[in-house]
Amino acid sequence: MASTDDQTHGDVADATSSRFNSKNPRGTMPDARQYKVGILGATGTVGQRFITLLASHPWFSIEALGASSRSAGKPYYKVAKWKQTTPIPHAVRDMVVQECTPQNFAKCAIIFSGLDADAAGEIEADFRAAELCVFSNAKNYRRDPHVPLVVPLVNASHLSILPQQQSLHSPPLKRGFIVTNANCSTTGVAIPLAALEKAFGPIEAAIITTMQAISGAGYPGVPSLDILDNVVPHIGGEEEKMEWEILKILGGITDSDGGLRAFDMHARSPLRVSAACNRVAVIDGHTECVSIRFQRRPPPSPQQVREAMAAFTPDAQALGCPSAPRHAIVVHEEPDRPQPRLDRYHQDGAGVSVGRVRQCPVLDIKFVLLANNVSIGAATSSIINAELAALKGLVPHVGDEMDVVR
Ligand SMILES: NC(=O)C1=CN([C@@H]2O[C@H](COP(=O)(O)OP(=O)(O)OC[C@H]3O[C@@H](n4cnc5c(N)ncnc54)[C@H](OP(=O)(O)O)[C@@H]3O)[C@@H](O)[C@H]2O)C=CC1
Ligand SMILES: N[C@@H](CC(=O)OP(=O)(O)O)C(=O)O
């Protein structure tokens, strides 16, 4: 079982828990220089979490903030409806919010995007075309055949498609790219599924029922009269995203006839996924009930599943990404865990909590998971993706020659 030695509970833990991976302690940088980063959608739910997490990041320093023209030109503290449990970091409080144009972010090596999907498509494409490295939370490019959809604790290897994305761009790019992370519910379930496929081989079927927090809908999100005392059994487009994104994330990359590399959508061992998504009256933290069937017969026992999940060590941890959780999956023995209120800020929301691992009388195994939708479901994943890209030499410092890094 994963140790819970560093476990802390409740919202206060957000401000106090030890954040950075001890394998790569604070201050250890790939090349002793900080990367300047910009945040698009900085005033929103995900943008605020970016700011909180990046304020003390050992490699990244916040250089510029962007949002809509409603906010541009004004000091950050005046336009952000700040909902984090810690104050706005001093260094960004008075920063003037910019329009989201590449010129305003020219000093940045890395761009984190928490843009509303209605705006993200065009803006992120413009930033990539301006040779900026974009790490996006928006759904717009997740299905692009040359854009990696990376859950950093699962498929960091998909970053290897980036040179192809750059060479196919018109005109070809030297440093700009887009990396997306997944839908928040997708991210939560992809991590234990990846752990189990690594230990026991292909999973054939997954049936997932989500109970998703209000913050998943951004701010101000779902009206209180719709969600208080209620469960809403529909989140537009969510089920389709989960059923599709899991296949891209858990699939590999193959070489096709034309010499182009392509995502194989878990095609060699087809996985069928059914998702049912519900909005519940929880502020942060998506809970998911998952039943799975393995290809292998006989399937692993619940105890073997618990042990495999607790032992799962993703590349991001082994490589020393500072924001990777110490335990990718924390396995609970208590029959009433995980719970959003108790478990969502464990490890600063960077891991997944799993409990109630038991036999499923219809498929093989069932369990419950909890993932912080705004942290590992959004901002934390983008940040670890950028750490991975930096470690792999894919993110040059502004002003560096590209042959230094490739
Ligand atoms: N919340 C979550 O749990 C998750 C969210 N996501 C995705 O992350 C993205 C951000 O979500 P979230 O933070 O919840 O959304 P919010 O609605 O809270 O924030 C949206 C942000 O986008 C900015 N924005 C809106 N329109 C424009 C525009 N035309 N030009 C420039 N900026 C604009 C807003 O700026 P302003 O304040 O000026 O209006 C704000 O900063 C979305 O794409 C969402 O789907 C992904 C996973 C999880
Ligand atoms: N739809 C998710 C959050 C989200 O914005 O997802 P996506 O980035 O896939 O649109 C939720 O409501 O909880």
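Atoms within a ligand are numbered from 1 in the order they appear, just like the ligands themselves.
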Atom indices of ligand 1 within 4.0 angstrom of [X] heavy atoms, with elements:
| X | answer |
| --- | --- |
| A378 | 47 (C), 48 (C) |
| A119 | 27 (C), 28 (C), 29 (N), 30 (N) |
| N373 | 3 (O), 48 (C) |
| G377 | 47 (C), 48 (C) |
| G41 | 21 (C), 22 (O), 41 (O) |

Below the 3.5 angstrom mark, is there an N/O of Q212, backbone or side chain, next to an N/O of ligand 2?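 N/O-N/O distance under 3.5 Å: yes.
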
Using distance alone, decide if ligand 2 has a nitrogen or oxygen within less than 3.5 Å of any nitrogen or oxygen in E238. yes

Is A117 in contact with ligand 2, taking contact as a heavy-atom separation below 4.0 Å?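 Distance cut 4.0 Å: A117 fails for ligand 2.
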
May I ask whether N137 has any heavy atom positioned less than 4.0 angstrom from an atom of ligand 2? yes

If hydrogens are left out, which of S185, S113, S68, G44 has an atom nearest to atom 32 (N) of ligand 1, that is, the closest non-hydrogen atom?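 Among S185, S113, S68, G44, the closest heavy atom to atom 32 (N) of ligand 1 comes from S68.
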
Nearest non-hydrogen atom to atom 9 (C) of ligand 1 belongs to which of L115, N137, V46?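 Looking at heavy atoms only, the winner is L115.
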
Are S136 and Y141 close enough that some pair of their side-chain heavy atoms sits under 4.5 Å apart?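 S136 vs Y141: side chains apart.
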
Residue, atom name and distance, where the atom is the protein heavy atom closest to [atom]:
| atom | value |
| --- | --- |
| atom 4 (C) of ligand 2 | G216 O, 3.9 Å |
| atom 10 (C) of ligand 1 | G114 O, 3.1 Å |
| atom 10 (O) of ligand 2 | K241 NZ, 2.7 Å |
| atom 8 (O) of ligand 2 | R142 NH2, 2.7 Å |
| atom 12 (O) of ligand 2 | R279 NH2, 2.5 Å |

Side chain, backbone, both or neither: which part of A213 comes within less than 4.0 Å of ligand 1 when only heavy atoms are counted?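 It is neither part, as no heavy atom is under 4.0 Å.
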
Classify the contact between I123 and ligand 1 as side chain, backbone, both or neither, using a heavy-atom distance cut-off of under 4.0 Å.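 Side chain only.
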
Which class fits the ring pair W59 and H57: parallel under 30°, tilted 30 to 60°, perpendicular over 60°? perpendicular

What atoms of ligand 2 come closer than 4.0 angstrom to any heavy atom of N183?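 Under 4.0 Å from N183, ligand 2 has these atoms: 6 (O), 7 (P), 9 (O).
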
Relative to the heavy atoms of H286, which atoms of ligand 2 are at a distance of less than 4.0 Å? 13 (O)

